[in-house]
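Note that the coordinates shown come from a computational prediction; the quantities given were computed from them, not determined experimentally. Starting from 1, each residue takes its place in the sequence as its number.
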Amino acid sequence: MATFLYKMGRLAFRRRPFVALAWIVLLVLAGVGAASASTAASSSFSIPGTEAQKAFDLLDERFPGAAADGATARVVFKAPEGERMTDAGHREEVENVVDRLKSGAGADQIASVVDPYAAKAVSRDGTTAYTQVSYKVSGMELSEAAREALVEAGDEARDAGLTVEIGGDALQAVPETGAGEIVGVVVAAIVLVITFGSLVAAGLPLLTAIIGVGIGVSTITALANVLDLGPTTSTLAMMIGLAVGIDYALFIVSRYRAELAEGREPEDAAGRAVGTAGSAVVFAGLTVVIALVGLAVVNIPMLTKMGFAAAGTVVIAVLIALTLVPALLGFAGKKVFGRKDRKRQRGAAAEGKANMGTRWARFVLRRPVAVLVTAVVGLGVVAVPAASLEMGLPDDGSQPVSTTQRKAYDLLSDGFGPGFNGPLMLVVDVEGAERPQDAVGRVTDIVKGMDGVTATVPGPLNKAGDTSVITVVPKDRPSSEGTEELVRSIRGAGAGVKEETGAEVLVTGATAMNIDFSQKMNDALLPYLALVVGLAFLLLMLVFRSVLVPLKAALGFLLSVVAALGAVVAVFQWGWLADVMGVEQTGPVMSMMPIFMVGVVFGLAMDYEVFLVTRMREAYVHGERPGQAIVTGFQHGARVVTAAAVIMMAVFAGFIGSSESMVKMIGFGLAIAVFFDAFVVRMAIVPAVLALLGKKAWWLPRWLDKALPNVDVEGEQLRKALGDGAGDAAEGERELVRA
């Protein structure tokens with residue numbers, strides 16, 4: 001592989017105008033496609049194989065249009081203290097709001113507006129009422145006129161003294177890139193300048209990463225409607241693509257500078273950089289892609305699409321690192337060095353002082369047990385809150401208390417009960433019942449008598465007379481354990497109900513879907529871990545020609561990801577440092593967070609493992625003792641890996657400022673996980689374990705050594721082809737060029 005990539009790097013270097021032009025053309029084409037694409041709708045949400053999804057599909061089949069995915073809004077009215085919504089003046093104000101919504105701007109997108117007095121949508125104490133607005137399109141497709149009309153509809157009612165708040169997904173907007181993401185890029189730029197001491201060398205990884213992310217995100221935007229991709233997909237692809245894009249280019253540029261410092265000609269240096277560091281980039285990228293594509297094992301289409309989209313952006317980042325980076329190095333030449341470095345190369349003696357990476361490696365070699373125990377115990381302490389992990393999906397109750405959605409949620413809870421915001425839908429299939437209407441009545445009576453039920457409202461049979469829907473209002477809020485227990489109780493009674501009446505009862509609705517989603521994520525976590533870790537273990541065995549090094553890498557990853565989950569629970573569930581992180585509302589951790597973080601962090605963790613340990617393997621193969629190989633690896637790789645980790649943390653941390661709770665949580669989780677993995681696991685645990693193992697770290701059974709193909713990540717075959725001496729090297733280069 002190293003030989004092939006060496007040729008690719010030299011070719012890109014020589015043909016740099018064509019390579020650069022090709023990538024610019026791709027960027028323009030992707031941009032044009034994104035600009036001409038229609039606005040993306042909310043991606044459809046389904047959970048194949050669950051009862052909630054089965055009920056939803058049956059409802060869609062038997063009640064055409066009832067399961068429509070258009071946006072909804074609840075305009076909630078609260079009367080002043082001592083007054084009631086049934087008072088004539090307040091009733092008139094509410095009716096005016098309903099009329100304005102029906103006839104105002106954006107009315108063509110409205111399917112229906114419910115009259116709260118005709119629908120009896122007034123609380124028992126008369127202080128609260130609401131009207132439900134149903135739209136023909138999703139929240140993402142709503143026109144600005146329709147959205148503004150909804151927001152402004154209650155202005156006159158407010159002037160009359162009523163409290164008016166709006167809930168539902170109609171106010172949902174496409175997440176925008178904020179100042180936080182820009183700050184992350186600025187921090188990355190500063191770190192690159194400090195690392196390289198050259199604006200050219202610092203700007204090159206940023207430029208190539210932005211081009212890669214531009215192509216990836218623009219392509220996702222262009223295909224969003226065709227592939228049913230939600231707006232969060234492009235945000236996450238940008239987050240991951242920007243981080244790995246900077247890192248991969250950083251490693252190629254760093255190796256190019258090292259080759260130039262050894263006296264190579266620029267073209268040869270670019271080839272060698274791509275042949276050696278580029279090999280590590282390929283395998284690091286493969287681990288990230290495996291982790292992201294492996295999300296398909298969960299069998300949730302939304303998560304699968306997010307994984308594939310982000311993986312596509314990573315593939316683009318790898319291709320850019322292998323082609324566009326050496327091409328731009330051709331334009332930069334030796335300007336990748338700062339003035340101080342160029343002066344030193346013109347004749348100043350090399351500094352004899354060991355760098356920080358060398359000093360740290362020697363420290364760990366002297367005290368491996370102390371470093372190992374301290375690091376493991378520290379991560380274990382941080383991981384303790386993970387034992388209290390509670391999972392769920394966000395609703396209006398998890399919105400910041402300052403938002404109108406949250407205020408509407410609280411008004412409905414106060415006026416109609418906590419469970420009103422998350423009613424359950426019981427789809428009753430009476431196709432096999434002898435007396436369908438009696439069967440529906442019997443189901444209603446059974447559910448009404450269960451603990452945790454406030455009200456049951458049976459609906460009429462459909463035209464075919466084989467299906468009915470019963471609305472059940474729980475006593476507890478949607479995300480509570482009480483509501484989850486009620487869902488289990490209703491489902492547990494299903495077998496007895498079918499035996500007694502012949503009717504099949506299926507529980508669905510947003511609350512039931514959330515419960516099933518969380519359960520499915522829990523069930524998929526271990527199989528997903530086994531698949532991803534297993535494939536990556538095999539991949540790392542190819543890279544390092546070792547059994548224990550990949551095993552250590554996988555165990556270290558598990559430590560860092562559990563510690564990161566503990567930190568997420570502490571901040572977003574317990575509320576520690578919530579003010580610092582801008583978390584206005586604590587609550588359950590999003591159901592997809594653990595498995596998504598496992599996938600992404602595993603791929604990124606293997607990046608550092610490959611980049612750092614490949615240097616050690618390279619030194620060991622060339623005859624250095626195991627301990628000295630560790631020092632050599634840190635001497636050449638620690639500074640660059642540290643810079644890469646800081647950059648990745650800055651990019652991820654930039655998303656903590658997002659208004660989207662999912663993006664904020666993922667940004668924090670990934671940033672803290674990178675910190676734990678890069679600075680605790682890879683910088684402390686890895687050298688400590690390798691020091692204790694000695695030569696055993698690089699042990700591989702002979703039969704396995706023969707069976708595994710030699711991918712030559714450390715570039716040993718490339719060095720043999722190029723020759724060890726100067727003359728041999730020149731001849732070797734000519735042979736490779738002719739080949």
Would you say [X]'s side chain and [Y]'s backbone share a donor-acceptor pair under 3.5 angstrom?
| X | Y | result |
| --- | --- | --- |
| Lys475 | Asp451 | no |
| Asp445 | Arg442 | no |
| Gln573 | Glu390 | yes |
| Glu165 | Arg406 | no |
| Thr501 | Lys498 | no |
| Ser134 | Ala111 | no |
| Thr483 | Asp476 | yes |
| Arg491 | Val507 | yes |
| Thr404 | Ile166 | yes |
| Asp516 | Ala52 | yes |

Report task. Test side chain to side chain donor-acceptor pair (under 3.5 Å) on Arg477 and Ser479 and set out the steps. Result -> CA-CA 6 Å; Arg477 58 190 174 84; Ser479 58; 2.6 Å; yes
Grab the two heavy atoms, one from [X] and one from [Y], that are nearest each other, plus how far apart they are.
| X | Y | value |
| --- | --- | --- |
| Pro436 | Leu461 | CB-CD1, 4.1 Å |
| Val97 | Ala153 | CG2-O, 3.5 Å |
| Ser46 | Ile300 | O-CG2, 3.8 Å |
| Lys520 | Ile47 | CD-CG2, 3.7 Å |

Report task. List the steps, then state whether salt bridge (charged side-chain N to carboxylate O under 4.0 Å, His left out) holds for Glu51 with Lys54. Result -> CA-CA 5 Å; Glu51 179 175 317; Lys54 182 181 177 182; over 6 Å; no
Query raised in the report: Heavy atoms, side chains only, cut-off 4.5 Å: are Ile446 and Val505 in contact?
Result: no
Report task. Evaluate the side-chain proximity of Tyr135 to Leu150: yes if any heavy-atom separation is below 4.5 Å, no if none is. Result -> yes
Query raised in the report: Between Gln519 and Asp523, does a side chain to side chain donor-acceptor pair (under 3.5 Å) hold up when you go through it step by step?
Result: CA-CA 6 Å; Gln519 186 60 50; Asp523 294 342; 2.9 Å; yes
Requested in this report: Sort and list the pairs that fulfil salt bridge (charged side-chain N to carboxylate O under 4.0 Å, His left out) and have at least one residue in residues 293-304, not counting sequence neighbours.
Outcome: none
Only counting residues at least two apart or in another chain, list the ones meeting ring-ring contact (aromatic ring centres under 6.0 Å, His included) with [X].
| X | answer |
| --- | --- |
| Tyr409 | none |
| Phe416 | Tyr130, Phe420 |
| Phe77 | none |

Distance-only check: which donor-acceptor pairs under 3.5 Å involve side-chain atoms of residues 463-474, not counting sequence neighbours?
unit_1 : atom_1 : unit_2 : atom_2 : d
Asp466 : OD1    : Asn462 : ND2    : 2.8
Thr467 : OG1    : Arg62  : NH1    : 2.7
Ser468 : OG     : Gly459 : O      : 2.8

Query raised in the report: How far apart are the C-alpha atoms of Thr128 and Asp414, what are their side-chain angles, what is the distance that settles it, and do they pass the side chain to side chain donor-acceptor pair (under 3.5 Å) test?
Result: CA-CA 9 Å; Thr128 310; Asp414 294 341; over 6 Å; no
Query raised in the report: Looking at CE of Met665 and CE of Met597, how far apart are the two atoms once the value is rounded to the nearest 0.5 Å?
Result: 10.0 Å
**Report entry** Pairwise side-chain hydrogen bond (donor to acceptor under 3.5 Å, both in side chains) hits with a residue in residues 103-113, at least two apart
**Finding:** Gln109-Ser143
Query raised in the report: Hey, are Asp99 and Lys102 close enough for a salt bridge, meaning a charged N less than 4.0 Å from a carboxylate O?
Result: no
